[in-house]
Amino acid sequence: MGLMTQLRHQFACWLMGRFQVPRDAVRWACKTHTDRVALVCAEGSYTFRALHERSLRLANALHDAGVGPGTVLFYQVHNDARLVEIRLAAYECGAIAVSLPDFAAAPAVHAVLQQIRPHMVIASPDLPLATAPLQDGVRRILCGALYEDWLRSFPPGLLEVEIDPQAVALLGMTSGTTGAPKLMATTHHAQVRSLQMLVGNADLSGPQAIGPCMPGIPLAGAGGGMLFPALLTGSALVLPPDLQTQSLVQWIELHQVTRLFVTPSQLIDLLELPAAQRARILCLRQIIYGTESMPSPKLEEALQEFGPILQQGYGSAEVLPPVTLFSAPEHARVLASGQPERLASCGKVVPGVEVRITDGTGAPMPAGGIGSVMVRSPTRFAGYWSAEGLRPADGGAWLAMGDLGYLDPQGYLFILGREADLLHTPHNGSLHPIYPRKIEDAAHRHPAVREAAAVQVGPGQPMWLVVTLRAAATQSDPLRNWAQDIRTFLEPLLPAAALPHTIRVLHTLPRSPLAKMLRRQVREEVLPTAAAEDEATAPAYTS
């Protein structure tokens, strides 16, 4: 790190130490970067001054309507400027912000409304929240002409509302895999601590950090993690009209984006692009990948294709990142060290956070021992929210992440998958655990495999490996029995107990609107359908 870069880093750390709540960071950024472009979307661009003015008008309008600390603002709008200005306005007036992405259907909206008592809702007219039944006295504002008139009727002044750093700032929703989705509360303090730890451990001073940045994931999801890094560095936040690969490529080239945040599935999509299209995104100086584990063979390929510009970390809605960080320079060092297997990790634990691996009894595991991932961090969520208010999280300071993994002797954290996705195969009269990540990483070493999911219907049932193929493979040899070929490839790479019973080749694997592969849907929907199909229409290998 050069002297000037080091000084900028030290200043950023000092500055972050002065912020008590996210509103402080927003005000500083908008005052500092006044005339720079803050936001680019389909409707146009906004400078920091213009964005701040709109968010302050909205904050004053909300304040006038009684929205402030302790009251809930619920909104569902499209992935554009409205989403950003509403979030910033909530920070300014101290409201508890609850947001659902625009793809959330009416049942999800109704589920949230049953758990909260919003003081006001804001919605795009074509989304479910625009017509959802509300409790008496709840005011609804629809984006459009009336919304614009409402904003213009209030001044863009700073509010003098006092905000308690320990008060709830955001409510995020769990996945709801075991029942009704729950709302998790995050405080203003936890968000500021997350920012402080990010600035203290990541390089936010180089050219990759101050150029235009693009979240390839909705802002109402994990993509929202790019908002404050963009604000603090005076970068333009680029929001494409949709998150399809071709749109990402077009907008990266058009706006010369230097920093991109994508899921592993999206990064694989970028690797599948023809060379001429990949050349259009050479302006990228940093690719952040996350939200789930990245197949290490595809990561090696991405490093070869894009260079040492990849970065990832570990965190969740329950524990805001960073828990671990795997920087771009560290990727390069690991690859050069002749230990590419370490690319399967998500980096080392950052200062201020503790991670330990525990066995089935809760006892800590030694280095290399596989068990449940436990985290203790100042960014942990505050508890669950209902119509009655906040119910503090229990279980002590340590939080079970729901992941299985291990720490190697050098302190790198390896995530092997969700506990719910663990496979079990009969072995010597008992069920032997198999980690799907190990099967999938082996499958990804086959040159024809694009994506892979190792699943089974239930413990002891046959293990399936469901894959999609790279376009080059199917074009060069469309009649080849790829399932048999993959099986032959895997035999020397995996122990006999880990070899899939059935390998099925499909055209696509299900993905969530957040661009994550859905193993649960593969398990519950794809397998029964695939099992009933004729092999002529879905090539397979079955032992």
Using a distance-only test with no angle check, is there a side-chain donor-acceptor pair under 3.5 angstrom linking Arg193 and Gln196? yes
Could you pull out the closest heavy-atom pair between Leu404 and Val373, with the gap in Å? C-CG2, 4.1 Å
Pair Arg380-Glu318, salt bridge (charged side-chain N to carboxylate O under 4.0 Å, His left out): steps then yes or no: CA-CA 6 Å; Arg380 176 183 171 161; Glu318 292 88 349; over 6 Å; no
Nearest 0.5 angstrom please: Leu273 CG to Ile268 CD1, how far? 12.5 Å
Could you walk me through whether Asp485 and Arg480 pass side chain to side chain contact (heavy atoms under 4.5 Å, CB included), step by step? CA-CA 8 Å; Asp485 195 270; Arg480 190 169 184 173; 2.7 Å; yes
Salt-bridge criterion met for Arg278 and Glu301 (N-O under 4.0 Å): no
Which heavy atom in Pro128 sits nearest to a heavy atom in Ala105, and how many Å separate them? CG-C, 4.0 Å
So, the side chain of Gln456 versus the backbone of Leu423: is there a donor-acceptor pair under 3.5 Å, distance only? no
Between Val323 and Gly315, the two heavy atoms sitting closest are CG2-CA, 4.1 Å
Taking the side chain as every heavy atom from C-beta outward, state whether Ser265 and Glu451 have any atom pair closer than 4.5 Å. yes
Would you indicate whether the side-chain heavy atoms of Arg511 and Leu518 approach each other to under 4.5 Å? no
Side chains of Asp359 and Thr361: do they bring a donor and an acceptor to under 3.5 Å? yes
Classify the side-chain pair Ser296/Glu300 by whether it contains a donor and acceptor separated by less than 3.5 Å. no
Can you tell me how the ring of Tyr406 sits relative to the ring of Phe414, calling it parallel under 30°, perpendicular over 60° and tilted otherwise? parallel
Short side-chain to backbone donor-acceptor contact, Thr324 and Cys346, under 3.5 Å: yes
For a 4.5 angstrom cut-off between non-hydrogen side-chain atoms, does Ile439 reach Leu499? no
Under the salt bridge (charged side-chain N to carboxylate O under 4.0 Å, His left out) rule, what do Arg519 and Glu440 come out as? Steps first, then yes or no, please. CA-CA 12 Å; Arg519 283 179 175 78; Glu440 293 162 5; 2.6 Å; yes
Decide salt bridge (charged side-chain N to carboxylate O under 4.0 Å, His left out) for Asp421 and Arg520; before the verdict, give the C-alpha distance in whole Å, the side-chain angles of both, and the deciding distance to 0.1 Å. CA-CA 8 Å; Asp421 295 327; Arg520 178 183 176 186; over 6 Å; no
For the CD atom on Gln244, are there more than 12 heavy atoms of other groups (residues, nucleotides or ligands in this structure) within a distance under 6.0 Å? no
Salt bridge (Lys or Arg N to Asp or Glu O under 4.0 Å) test vs Asp441 passes for just one of Arg445, Arg437, Lys438, namely Arg437
Note: Val350 and Pro322 closest approach over all heavy atoms is CG2-O, 3.4 Å
Counting distance only, does the side-chain N/O of His446 pair as donor-acceptor with the main-chain N or O of Ala448 below 3.5 Å? yes
All pairs passing salt bridge (Lys or Arg N to Asp or Glu O under 4.0 Å) where residues 398-412 contributes a residue, at least two apart: Arg342-Asp408, Asp403-Arg418
Test side chain to side chain contact (heavy atoms under 4.5 Å, CB included) on Arg470 and Val449 and set out the steps. CA-CA 6 Å; Arg470 309 190 77 157; Val449 170; 5.9 Å; no
Taking the six-membered ring for Trp and the full ring for Phe, Tyr or His, determine whether the centres of His331 and Tyr412 are under 6.0 Å apart. no
Can you check whether Gly347's main-chain N or O pairs, donor with acceptor, with Glu330's side chain at less than 3.5 Å? no
Would you say the side-chain atoms of Arg285 pair up with the backbone N or O of Leu282, donor to acceptor, closer than 3.5 Å? yes
With a 3.5 Å distance limit and no angle check, can you tell me whether Ser235 reaches the backbone of Leu231 through a side-chain donor-acceptor pair? no
Calculate, to the nearest 0.5 Å, the distance between atoms OG1 and CG belonging to Thr186 and Leu320 respectively. 5.0 Å
Flag, side chain of Asn79 to backbone of Leu219, donor-acceptor distance under 3.5 Å: yes
Are any side-chain N or O atoms of Ser194 and backbone N or O atoms of Pro321, one a donor and one an acceptor, separated by less than 3.5 Å? yes
Heavy-atom closest pair, residues Leu422 and Pro436: CA-CD, 4.3 Å
Output the distance between atom CG (Leu270) and atom CG (Leu260), rounded to the nearest 0.5 Å. 6.5 Å
When rounded to the nearest 0.5 angstrom, what distance separates CE in Met197 from CG in Leu325? 10.5 Å
Mind checking whether Val109 and Gln76 have side chains closer than 4.5 Å, heavy atoms only? yes
Report yes if the side chains of Leu100 and Met173 come closer than 4.5 Å at any heavy-atom pair, otherwise no. yes
Check for a donor-acceptor pair, side chain of Ser247 on one end and backbone N or O of Leu243 on the other, with a separation under 3.5 Å. no
When rounded to the nearest 0.5 angstrom, what is the spacing between CG in Leu284 and CD in Gln256? 9.0 Å
Separation between CZ (Phe261) and CD (Gln286), nearest 0.5 Å, reads 11.0 Å
Donor-acceptor contact below 3.5 Å, side chain Ser124 vs main chain Leu127: no
Is the NZ or CZ atom of Arg504 positioned over Trp464's six-membered ring, under 6.0 angstrom from the centre and within 45° of the axis? no
Any Gln115 side-chain heavy atom under 4.5 Å of Tyr384 side chain: no
If you apply the rule side chain to side chain contact (heavy atoms under 4.5 Å, CB included), what do you find for Asp269 with Arg450, and how did you get there? CA-CA 9 Å; Asp269 290 345; Arg450 176 171 179 164; 2.6 Å; yes
Minimal heavy-atom distance between Leu310 and Leu299, with the atoms involved, is CD2-CD1, 3.9 Å
Using side chain to side chain contact (heavy atoms under 4.5 Å, CB included), reason through Val353 and Arg376 one step at a time and then give a plain yes or no. CA-CA 6 Å; Val353 176; Arg376 181 159 62 183; over 6 Å; no
Sequence neighbours excluded, which residues qualify as side-chain contact (heavy atoms from CB on, under 4.5 Å) partners of Thr474? Leu469
When you compare the side chain of Cys283 with that of Thr258, does any pair of heavy atoms fall below 4.5 Å? no
Would you indicate whether the side-chain heavy atoms of Gln266 and Thr263 approach each other to under 4.5 Å? yes
